Protein chains: 2
Amino acid sequence: MHQRNVIMFSKSCEYAIKAMIFVAQKSSEEQRIGVKEIAKGTDAPEHFIAKIMQDLSRRKLIHSIKGPNGGFYMDSHDLKNSIADIVKAIDGDSIYTDCVMGLKACSEKNPCPVHFEYKEIKKNLIKMIEHNTLAEFKEKLESGKFFLKNK
Amino acid sequence: MHQRNVIMFSKSCEYAIKAMIFVAQKSSEEQRIGVKEIAKGTDAPEHFIAKIMQDLSRRKLIHSIKGPNGGFYMDSHDLKNSIADIVKAIDGDSIYTDCVMGLKACSEKNPCPVHFEYKEIKKNLIKMIEHNTLAEFKEKLESGKFFLKNK
DNA sequence: ATTTTAAAAGATATTAAGGTCTTAATATAT
DNA sequence: ATATATTAAGACCTTAATATCTTTTAAAAT
Ligand code: FES
Ligand code: FES
């Protein structure tokens, strides 16, 4: 059997999403949060998540400050980003364009065997990631409604 | 950006599904079909698809005969298999058990941020792969309603 | 029986994803 | 100014997925 623990998003992208939700909840302009805390809070390898945070920072999805008391934080503008914005930054737009059966592109002209059934799933998937902004997660996480790592 | 051209299934699994649909359509007890044809008909690397066919054969999802006029074919029992049976044989049951955010398992007790929204998507995804049997594809492909490779 | 054909099996190679480590840059506190 | 903390950047390593090549086995046709 060909092991495979991932569906939908790359590991990097999973980490990115969880890290962004984590920072959204814990940080503010004054209270920044460091890579170590992010790694712990999301069960991600420290150096790996560091790289990912750099990516996100370069792509302006999050702010960072170096030095003592430095770290990552989000301003109100950053909080308006959705999961989809993170996915696009890390995994690109494959979720929007790819055929689930590996054809060059997902299209109505050259549909794969499951195209028309997958279409609906894809619509919901995109709705799922575009619907939720980080600001919304910030509230929800406080009430303990979900988890970023295993207990 | 972390390239990623695959969502849902491994490449092996994509090839497997397309190969199985191809053989379902082209073969019969008397008319077997060889690896070369399968590779051409599905745009898959010949030696790689050969390995995959061996897997599927070992797992009794398909029949094979060696030697002159040998090849792969399906009997009426094989045709009753669904896409889900192929996916389980190649990718295991990760599609059933995995959390989309990479938590150890998908569960209501320790739900990830998008668990409750993903739940619905997952249900449809599973319905999609369990719903269609190879026999059904056999009919549909004949009418040119879908494609196994790019034109 | 021998030859031919094609799958089965296994060894090896390549690529991409995932992960770690080291050094440089920079902001802050002292 | 200097020391310190922390991100940024880049080099490097490891593993798993993907792909190829070679040899063996078995069935069928002759
Ligand atoms: S063509 Fe395959 S999912 Fe649309
Ligand atoms: S817990 Fe993440 S999808 Fe169910």
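Side chains are part of it too, since the values below use all heavy atoms of this structure and drop only hydrogens, waters and symmetry mates. Here the structure is a predicted model, which is why all the values come from computation and not from measurement.
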Salt bridge flag under 4.0 Å for residues B/K119 and B/E108: yes
Taking OP1 and OP2 of C/dG18, is either one under 4.0 Å from a side-chain nitrogen or oxygen of A/Y15? no
Expressed in angstrom and rounded to an integer, what is the separation of A/K36 atom NZ from D/dA8 atom P? 15 Å
Taking the basic N atoms (NZ, or NE/NH1/NH2) and the acidic carboxylate oxygens, is any pair closer than 4.0 Å for B/K40 and B/E46? no
A/N69 side chain to A/R32 main-chain N or O, any donor-acceptor pair under 3.5 Å? no
Under the 3.5 Å rule, do the base of C/dG18 and the side chain of A/K51 count as making a donor-acceptor pair? no
A/S57 side chain N/O closer than 4.0 Å to the phosphate oxygens (OP1, OP2) of D/dA8? yes
To the nearest angstrom, how far is A/I49 atom CD1 from C/dG19 atom P? 10 Å
Heavy-atom closest contact (B/P113 atom, A/F137 atom, distance): CB-CE2, 3.5 Å
Would you kindly give the NE2-to-P distance between B/H47 and D/dT23, to the nearest whole Å? 12 Å
Which pair of non-hydrogen atoms, one from A/V23 and one from A/F72, has the smallest distance, and what is that distance? CG1-O, 4.0 Å
Atom-to-atom span, CZ of B/R32 to P of D/dA29 - whole angstrom: 8 Å
To the nearest Å, how far apart are B/D91 CG and D/dA16 C1'? 13 Å
Take atom CG of B/D55 and atom P of D/dT18, then tell me their distance rounded to the nearest Å. 13 Å
I'd like to know if the side chain of A/N150 and the backbone of B/K104 have a donor-acceptor N/O pair within less than 3.5 Å. yes
Considering only C/dG19, D/dA9, D/dT18, which nucleotide approaches the side chain of A/R58 most closely? D/dA9
Nearest-Å distance, CD1 (A/I52) to P (C/dT20)? 11 Å
Within this structure, what is the NZ-to-P distance between B/K11 and D/dA19, rounded to whole angstrom? 7 Å
Mind listing the residues from residues 61-73 of chain A sitting with a heavy atom below 4.0 Å of DNA chain C? Number order is fine. A/I65, A/K66, A/G67, A/P68, A/N69
Can you tell me if B/N132 and A/E117 form a side-chain donor-acceptor pair at under 3.5 Å? yes
